[in-house]
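Input: a single structure, listed below in structure tokens.
Side-chain atoms are counted along with the backbone in the values below, which use heavy atoms only and exclude waters and symmetry mates. Letters A, B, ... are given to chains in the order of the sequence lines, protein chains preceding strands, and every chain is numbered from 1.
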Protein chains: 2
Amino acid sequence: MDITTTIEDVANLAGVSIKTVSRVVNMEPNVRPATRERVQDAIRELGYQPNPSARGLASKRSYLVGLFYDDLMAESTYIVNVQRGVLTRCRKEGYELLIHPFNYHQNGINGLAEEITANIIKSRIDGVILTPPLSDLSIAIETLKRLDKPQIRLSPGHHESGSPCVYSDDRIAARLMTEHLIQLGHKRIAFIAGHSGHLAIVHRQTGFIDAMTAAGLNIDNASVSQGSNTFESGVKCAREILSHERAPTAIFASTDEMAAGVMSVAHQLGYSIPGDLSVAGYDNSQIAHQVWPALTTIAQPVNEMAEIATGLLIDQLRGGKKSISQVAMQSELVLRDSTGPAPC
Amino acid sequence: MDITTTIEDVANLAGVSIKTVSRVVNMEPNVRPATRERVQDAIRELGYQPNPSARGLASKRSYLVGLFYDDLMAESTYIVNVQRGVLTRCRKEGYELLIHPFNYHQNGINGLAEEITANIIKSRIDGVILTPPLSDLSIAIETLKRLDKPQIRLSPGHHESGSPCVYSDDRIAARLMTEHLIQLGHKRIAFIAGHSGHLAIVHRQTGFIDAMTAAGLNIDNASVSQGSNTFESGVKCAREILSHERAPTAIFASTDEMAAGVMSVAHQLGYSIPGDLSVAGYDNSQIAHQVWPALTTIAQPVNEMAEIATGLLIDQLRGGKKSISQVAMQSELVLRDSTGPAPC
DNA sequence: TTGAAAGCGCTAACAA
DNA sequence: TTGTTAGCGCTTTCAA
């Protein structure tokens, strides 16, 4: 198990040429099973691991995958789970991960293209995974295309067009959640919309409207307020919503963070949850367990989505299976204690 | 700005040999200023970036730094800030970052040495940054030494011995916080200890005891309870602490997560914060803003600590400045709204 | 202060 | 099915 073991050492021990070892390592065809086994034994015995630099130099690939995300989301459960999923798949496939949080709100959106370009020329990553909201930023998508870098998008708002992507149908899931509230007898339900730049989150609002309309319930303007995904924005919206004379009996916030903000305000105002007010969130973040009572929410299979996306990207990098361009995954309604029957 | 520009293109344009270009790129001495400038112009004009694989192959280095952490902490504000700090410095110094969360609770501590070894042989990282609790795990430290990999530890419990480290004095900061509570008139103060495997967090308890003793206040056994850093453990401890007949008027939890758990329980039991009960935390996590009222806590300069640690590691990798082996940083008391005068 | 040449450990192209 | 050879784009070594 020595870091200085080279392909030549393996070839010598196995009594073959280095090219044969290379074939075995890269799982290429045209190696007799007996030979293959002999080489594999030698590899195991020496603890041989190919040198990535040498490989990269010869093959003009880096075996590096980039994960691009908005630094504002770096602390979210979402990004952490994406990192986990991507890493899991990278390890299996022999790739390494380079994370890259972007601060494009500070530097201006124009700096984004330059930063992406610079990063790619410097790091030589082979392909990129884009997470929301970058997965909907055409400047990011187009810059990568111009650089001829394969990309895959996670949860874009528009999955029909553009580059390949993995997503879950937020509209349907939000509809499910709204129907859950309606079934509990709620008629005045408020919705807190997310940041308008996160298109996938906007679909949650559509799902809410779908369900309300289908149930013949009123959606006056007051029942949808505009948040920006954060706890603080949830607080702000809740203060407004709960100050109306006929306050809603349920609030569906399009992120858990905002839902937690709502709950904080509700507690301060003396509401009992879910007795006086039901609260629902979306994302199944860590915070959903840290509020009291535990938050009813929607869970996307973020980990698996990231794994699958990484797999698709690597397939692309290997030059195969370009056919799959969209994978849709299902989200799940997670019923906890923050939603209950509407007060009479 | 072409990814296929090589050192030779630059040499041709500048009218020098590739070795001279190499000298300029690597900031080596013995280049006439005029020559250096000519080369730099050529580099700029062509948008040249050296190929990391070629560099790595020739120099037997990867220009890759590894960040090793406990996957259980991946969602913490702490790890996210460490990632940010490390990335900032890596970019400045021309290194790339490979993150590696470890799941050693599942796989058993014995698997850890193997996983570290396998990872290093595969990825060829040049050096490693260890975060708590890995920075106190001798199996991690020793494995890296055996592999001859430079390492730097962030916030270890024992900073005197072992490999170089960057830390902040948690004992002093915890003492400060406790003194703050004492100055507010609190006499019955409970402390919630953190996970015993996180040695730096154990120092927080010592600081608490320092202050209590110095103030001549009683520390009966009941006033220190054992948590495990998490929100849930804070909930559990708080339920116990607040069930005593002479409940404390202040609770100092050694992590913000636990403090948030305490606040949740306190609200449920009808305590007003800080009127009936003061609550203090430690870490200045995201959650400190998401509780109501906002949490008084201790802020470590995690970002800077990570940047400095990365700088020290890279210095080591470059073969210089081995002299600095410990850097101590100062934490800051952040007064918010969860602490107030003791009730009469 | 500069440059020429060798070679890092692999893969690609081709030959046998 | 296997092997030979020629680079990939740099750094290192040594020479000028």
Query raised in the report: Ion pair present between Glu93(B) and Arg89(B), side-chain N to carboxylate O less than 4.0 angstrom?
Result: yes
Query raised in the report: Salt bridge between Arg38(B) and Asp41(B), side-chain N to carboxylate O under 4.0 Å?
Result: no
Query raised in the report: Is a side-chain donor-acceptor pair under 3.5 Å present for Gln300(B) with Tyr78(B)?
Result: no
**Report entry** Short N-O contact, Glu307(A) and Lys92(A), less than 4.0 angstrom
**Finding:** yes
N/O to N/O distances under 3.5 Å, protein versus nucleotides 7-11 of chain D:
unit_1	atom_1	unit_2	atom_2	d
dC8(D)	O3'	Lys60(A)	NZ	3.0
dC8(D)	O2	Ala58(A)	N	3.3
dG9(D)	N2	Ala54(B)	O	3.4
dC10(D)	OP1	Tyr48(B)	OH	2.9
dC10(D)	OP2	Ile7(B)	N	2.8
dC10(D)	O5'	Tyr48(B)	OH	3.1
dT11(D)	OP1	Asn26(B)	OD1	3.4
dT11(D)	OP1	Asn26(B)	ND2	3.0
dT11(D)	OP1	Arg55(B)	NH1	3.1
dT11(D)	OP2	Ser22(B)	OG	2.7

Report task. Could you tell me whether Glu28(A) atom CD has more than 12 heavy atoms of other residues or ligands within 6.0 Å of it? Result -> yes
Report summary line: Rounding to the nearest 10°, end axes of the helix from dT1(C)-dA16(D) to dA16(C)-dT1(D) built from five pairs each make an angle of 30°
Requested in this report: Quickly work out the Arg38(A) CZ to dG3(D) C1' distance and round it to whole Å.
Outcome: 14 Å
Requested in this report: Any pair with a residue in residues 134-165 of chain A that passes ring-ring contact (aromatic ring centres under 6.0 Å, His included), sequence neighbours left out, goes on the list, sorted by first then second residue, please.
Outcome: His159(A)-Tyr167(A)
Requested in this report: Determine: side-chain N/O of Ser17(A) to OP1/OP2 of dT2(D), distance under 4.0 Å, yes or no.
Outcome: no
Query - Distance-minimising heavy-atom pair for Pro150(A) and Gln316(A) - result: CB-OE1, 3.4 Å
Report task. Identify, residue by residue, the members of residues 29-37 of chain B with a heavy atom below 4.0 Å from DNA chain C, and return them in order of residue number, or none. Result -> Asn30(B), Val31(B), Arg32(B), Thr35(B)
Query raised in the report: Are Glu96(B) and Ser123(A) linked by a side-chain donor-acceptor pair shorter than 3.5 Å?
Result: no
Query - Those residues that, when tested against Thr4(B), pass side chain to side chain donor-acceptor pair (under 3.5 Å) (two or more places apart) - result: Asp2(B)
Query raised in the report: Does Tyr95(B) have any ring pair (Phe, Tyr, Trp, His ring centres under 6.0 Å) partners at least two apart in sequence or in another chain, and if so, which?
Result: Tyr63(B)
